[in-house]
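Computed from heavy atoms alone, side chains included, the values below leave out hydrogens, waters and symmetry copies. Throughout, numbering of the chain's residues begins at 1 and tracks the sequence.
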Amino acid sequence: MNMMTARVLAGAGAFSLVVMVFALMWARPELADNDLFKSLAQAIVIQGLIGLVMAFLFTGKNDTRGDDQ
């Protein structure tokens with residue numbers, strides 16, 4: 001596994017977690033009233049999606065080859 005594959009998997013995992021949170025809120029609207037679910041959903045969305053993207057943009061390599069040289 002090279003660095004490009006790891007980045008794709010990490011990004012896809014974070015995106016899928018965010019999609020699952022939104023799907024849970026759509027399927028079970030009563031969860032939106034639960035304070036614990038709101039806190040966990042907020043942490044997943046902010047840290048998982050925005051945090052991962054911003055960390056990648058500011059620290060990721062700019063090469064497109066995909067190897068670690």
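- Annotation for N34 and L36: closest pair OD1-N, 3.0 Å, computed over non-hydrogen atoms.
- Tested against F37 for a side-chain contact (heavy atoms from CB on, under 4.5 Å), the candidates M25, Q42, E30, R28 yield a single pass: M25.
- Here the straight-line distance linking atom CG of L24 with atom CG of L40 works out to 11.0 Å at 0.5 Å rounding.
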